Enquirer: 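Sharing a structure, written as structure tokens. Questions coming.
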Amino acid sequence: MVRVRFAPSPTGPLHIGGVRTALFNYLFAKKNNGTMILRIEDTDQTRFVEGAEEYIMESLNWCGIEFDEGTQEGGDFGPYRQSERKDIYSKYAQQVLDAGWAYMAFDTPEELDNLRTEAEENKELFVYNYESRKHLKNSLTISNDEVQKMLADNTPYVLRFKMPENRVLELNDIIRGEVKFNTSELDDKVLMKTDGLPTYHLANIVDDHLMEITHVIRGEEWLPSLPLHFLLYEAFDWKAPEFAHLPLILKPTGKGKLSKRDGDKMGFPVFPIQWNADDEVYRGYREDGYFPEALINMLALLGWNPGTEQEIFSMEQLINAFSLDRVGKSGSRFDPEKTKWFNHQYLIKKPGEEISELFMPFLIQKGINTNSKTLVRICEMLKERVSFVNDLWEESYFFFQAPDNYDEAFLKKAVKEGTAELMRTLIEKLTSIDDFTAVNTESVIKSWLESSEIGFGKVMSPFRLALVGAGKGPHVFDIIEIIGKEESLVRLRKFLIKIS
């Protein structure tokens, strides 16, 4: 039975890299009829940010990533918030200590800072490891009597993992294959802090074991922690899960990990939904007008290759097609323009009714009240031209209000000698038409132009300018059908005054 987890820390907004990790876990679980778990890893209270946990849940919910077990869903393996599991970890910390895989370190922060400073002055790097621990203040170097006395005096200490010396670990990663580590190159990580709370490393391993996690799918930045985590499983005599470390999401330049700074600099969000903190607002894909399914589709293809030319996938299609063996090792470059392209693809697939419902609040905010049937038609007509619903205003404003001015450059091209006379005749022709459908008005005006041997451009360009105020917009006869005969004639007369 496949059991996977997404385990974020509530230390701030959820980066889209985190969303992709959650997505790949979700796709893997669903593909294998497994269980998806949300666990909140909040043991580091010094970095805890108020509201971050709620933000994470809202973000994942908006993205359509669902959980079978978690802080809200419940389950048989809870609690699912690490701060509510404090009492569990002490027992396992003692177990790893008794087994000789850990030791108590009584060095003060000041003493360790002095050692680091001294090493820097000698252009060296201080590391608490198999070599340096032999000369430091810990339960490996001082007598048991002295250790007991220090414990009786409540002397602060941390519990450190006793990394084996010069042992080569040949570990398997589902994505990367065999990866090798020499333990002599690794430090003795802290497992339990002076406040009695576990660090990420201990809590993570204990929780994954107790929650019966079968596959750990996480970001590449955790690959250096793999040997420690593997050895902790060995220390507890537990079977380790399978590991898969996802490639990085790279900057648009392709160099380095994508960061918030890149988004600020180049004008795109790196968070799924807006984040407000310290009087600063960080942009979100939701607020920028992206559809969650477009964001998910884009993220799925950052690092995973379906093996076909297909680019547009529903969540169900992603689940059916997904496999970890098609996830690449190297980082994937983030492309803001491609992300917009995905949103455009999803927009044009949506029916006019759905788009009009999304666009209507924008019009109401502008004080515009329009017929819903008319709005559906406008949205259907224009959706191919935009990438975001809010962009529809720029393409459709002339349906709701007459132009106040006319594009000067287009005016010079459209208005020639004789244009005013042609506009007068056009007004007469349109005034005489009762059936003001696009098909009929186009037929009448075409017949007049053809019989009079008048070039289409001589009339249609100024006609468009009168209606829109610029040289853009859909078919002119569709415009006049929608805005109606009376409004069309009002605009034409106003334009005629302008050019006369």
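The basis for the numbers below is simple: all heavy atoms, side chains too, and nothing from hydrogens, waters or symmetry mates. Since the model is a prediction, treat every value here as computed from it, not as a measurement.
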Enquirer: Taking the basic N atoms (NZ, or NE/NH1/NH2) and the acidic carboxylate oxygens, is any pair closer than 4.0 Å for D188 and K162?
Expert: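 A salt bridge is absent here (no side-chain N lies under 4.0 Å from a carboxylate O).
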Enquirer: Is V216 close to H229 at the side-chain level, that is, under 4.5 Å between some pair of heavy atoms?
Expert: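 No; the side chains remain at least 4.5 Å from each other.
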Enquirer: Mind checking the CZ-CG spacing from R20 to L301? Nearest 0.5 Å is all I need.
Expert: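 Separation between the atoms: 11.0 Å.
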Enquirer: Do any N or O atoms from the side chain of T108 and from the backbone of E111 form a donor-acceptor pair under 3.5 angstrom?
Expert: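 Such a contact is found between T108 side chain and E111 backbone.
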Enquirer: May I ask you to say whether R85 pairs ionically with D42, meaning some side-chain N is under 4.0 Å from a carboxylate O?
Expert: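 The answer is no: the pair does not qualify as a salt bridge.
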Enquirer: Thinking salt bridges, do D262 and K251 make one under a 4.0 Å N-O criterion?
Expert: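 Looking at K251 together with D262, the answer is yes, because their closest N to O distance falls below 4.0 Å.
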Enquirer: Roughly how far, to the nearest 0.5 Å, is OH of Y282 from CG of N276?
Expert: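 That separation rounds to 10.0 Å.
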Enquirer: Does N182 offer a backbone N or O that forms a donor-acceptor pair with the side chain of N166 under 3.5 Å?
Expert: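 Here the side-chain-to-backbone pair does not exist.
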Enquirer: With distance as the sole test, does R333 use its side chain to make a donor-acceptor pair with the main-chain N or O of P252 at under 3.5 Å?
Expert: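 Side chain of R333 to backbone of P252, a donor-acceptor pair under 3.5 Å: yes, one is there.
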Enquirer: So that I can tick it off, tell me whether R176 and E220 are bridged by a salt bridge, with the cut-off set at under 4.0 angstrom between side-chain N and carboxylate O.
Expert: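 Yes, this pair counts.
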Enquirer: More than 12 non-hydrogen atoms from neighbouring residues, nucleotides or ligands closer than 6.0 Å to NZ on K134, yes or no?
Expert: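 Count over threshold, so yes.
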Enquirer: Can you tell me if CZ on R47 sees more than 12 non-hydrogen neighbours from other groups inside 6.0 Å?
Expert: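 Counting neighbours around CZ of R47, 12 or fewer heavy atoms of other residues, nucleotides or ligands fall under 6.0 Å, so no.
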Enquirer: Donor-acceptor check, side chain of N343 to backbone of F291, threshold 3.5 angstrom: yes or no?
Expert: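 The answer is yes, because a donor-acceptor pair under 3.5 Å joins these two groups.
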Enquirer: If you measure from CG on D107 to OH on Y128, what distance do you get to the nearest 0.5 Å?
Expert: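 Result: 3.5 Å between the selected atoms.
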Enquirer: Would you call E311 and K338 a salt bridge, taking side-chain N to carboxylate O under 4.0 Å as the test?
Expert: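 Here E311 pairs with K338 in a salt bridge, since their nearest N and O are under 4.0 Å apart.
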Enquirer: With side-chain contact (heavy atoms from CB on, under 4.5 Å) as the criterion, how do L246 and R218 come out once you've worked through the C-alpha distance, each side chain's angles and the decisive distance to 0.1 Å?
Expert: CA-CA 6 Å; L246 306 175; R218 58 190 181 183; over 6 Å; no
Enquirer: Using a strict 4.0 Å threshold on nitrogen-to-oxygen distance, state whether E316 and K30 make a salt bridge.
Expert: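 Here E316 does not pair with K30 in a salt bridge, since their nearest N and O are not under 4.0 Å apart.
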Enquirer: Looking at E357, E293, E380, E384, which one forms a salt bridge (Lys or Arg N to Asp or Glu O under 4.0 Å) with K350?
Expert: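 So, applying the salt bridge (Lys or Arg N to Asp or Glu O under 4.0 Å) to K350 and each of E357, E293, E380, E384, only E293 qualifies.
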Enquirer: I'd like to know if the side chain of S139 and the backbone of M104 have a donor-acceptor N/O pair within less than 3.5 Å.
Expert: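 At least one qualifying donor-acceptor pair exists.
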Enquirer: Sub-3.5 Å donor-acceptor pair from the side chain of D335 to the main-chain atoms of E337, do we have one?
Expert: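 Pair found, side chain donor or acceptor close to backbone of E337.
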Enquirer: Can you list the steps and then say if D288 with F268 is a side-chain contact (heavy atoms from CB on, under 4.5 Å)?
Expert: CA-CA 9 Å; D288 268 22; F268 61 85; over 6 Å; no
Enquirer: Rounded to the nearest 0.5 Å, what separation is found between the CG atom of D207 and the CD atom of Q82?
Expert: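 If we round to the nearest 0.5 Å, D207:CG and Q82:CD are 4.5 Å apart.
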Enquirer: Quick one: do R167 and E234 make a salt bridge, cutoff under 4.0 Å?
Expert: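 Yes, charged N to carboxylate O under 4.0 Å.
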Enquirer: Are D145 and K149 close enough for a salt bridge, meaning some N to O gap below 4.0 Å?
Expert: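 Salt bridge: no.
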Enquirer: Can you confirm whether the side chains of S132 and N129 place a donor and an acceptor under 3.5 Å from each other?
Expert: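 Yes, N129 and S132 have a side-chain donor paired with an acceptor closer than 3.5 Å.
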Enquirer: With the threshold set at 4.0 Å, does a side-chain nitrogen-carboxylate oxygen contact exist between D208 and R39?
Expert: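 Here D208 pairs with R39 in a salt bridge, since their nearest N and O are under 4.0 Å apart.
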Enquirer: Should L375 and F400 be marked as a side-chain contact (heavy atoms from CB on, under 4.5 Å) after you check the CA-CA gap, both sets of side-chain angles, and the distance that decides it?
Expert: CA-CA 10 Å; L375 187 58; F400 312 107; 3.9 Å; yes
Enquirer: Dump the intermediate steps for salt bridge (Lys or Arg N to Asp or Glu O under 4.0 Å) on R5 and E69, then the final yes or no.
Expert: CA-CA 9 Å; R5 49 59 170 186; E69 299 175 22; over 6 Å; no
Enquirer: What's the spacing between L295 CG and Y290 OH if we round to 0.5 Å?
Expert: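 Atom-to-atom, L295:CG and Y290:OH are 9.0 Å apart.
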Enquirer: Pair R283, V270 - check side-chain contact (heavy atoms from CB on, under 4.5 Å), show working.
Expert: CA-CA 8 Å; R283 291 167 58 183; V270 296; over 6 Å; no
Enquirer: Using residues 51-60 as the side-chain source, report each donor-acceptor pair under 3.5 Å to any protein atom, sequence neighbours left out, with the distance given to one decimal.
Expert:
residue, atom, partner, partner atom, Å
E53, OE1, R81, NE, 3.0
E53, OE2, R81, NE, 3.1
E53, OE2, R81, NH2, 2.5
Y55, OH, I273, O, 2.7
E58, OE2, R286, NH1, 3.0
E58, OE2, R286, NH2, 3.1
S59, OG, Y55, O, 2.9

Enquirer: Report the C-alpha separation of D98 and Q94 in whole Å, then their side-chain angles, then the decisive distance to 0.1 Å, and conclude whether the side chain to side chain donor-acceptor pair (under 3.5 Å) test is met.
Expert: CA-CA 6 Å; D98 293 343; Q94 188 63 48; 2.8 Å; yes
Enquirer: Give a yes or no answer on whether the side chain of N204 reaches the backbone of Y200 with a donor-acceptor pair at less than 3.5 Å.
Expert: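 No: the side chain of N204 does not pair with the backbone of Y200.
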Enquirer: If we ignore hydrogens and angles and just use 3.5 Å, is the side chain of T71 paired with the main-chain N or O of Y80 as donor and acceptor?
Expert: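 Looks like no, no N/O pair under 3.5 Å.
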Enquirer: Tell me whether E124 is salt-bridged to R116, with the criterion being a basic N under 4.0 Å from an acidic carboxylate O.
Expert: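 Salt bridge: no.
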Enquirer: Ignoring hydrogens and geometry, is there a side-chain-to-backbone donor-acceptor pair from T155 to L151 under 3.5 Å?
Expert: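 Not a single qualifying donor-acceptor pair exists.
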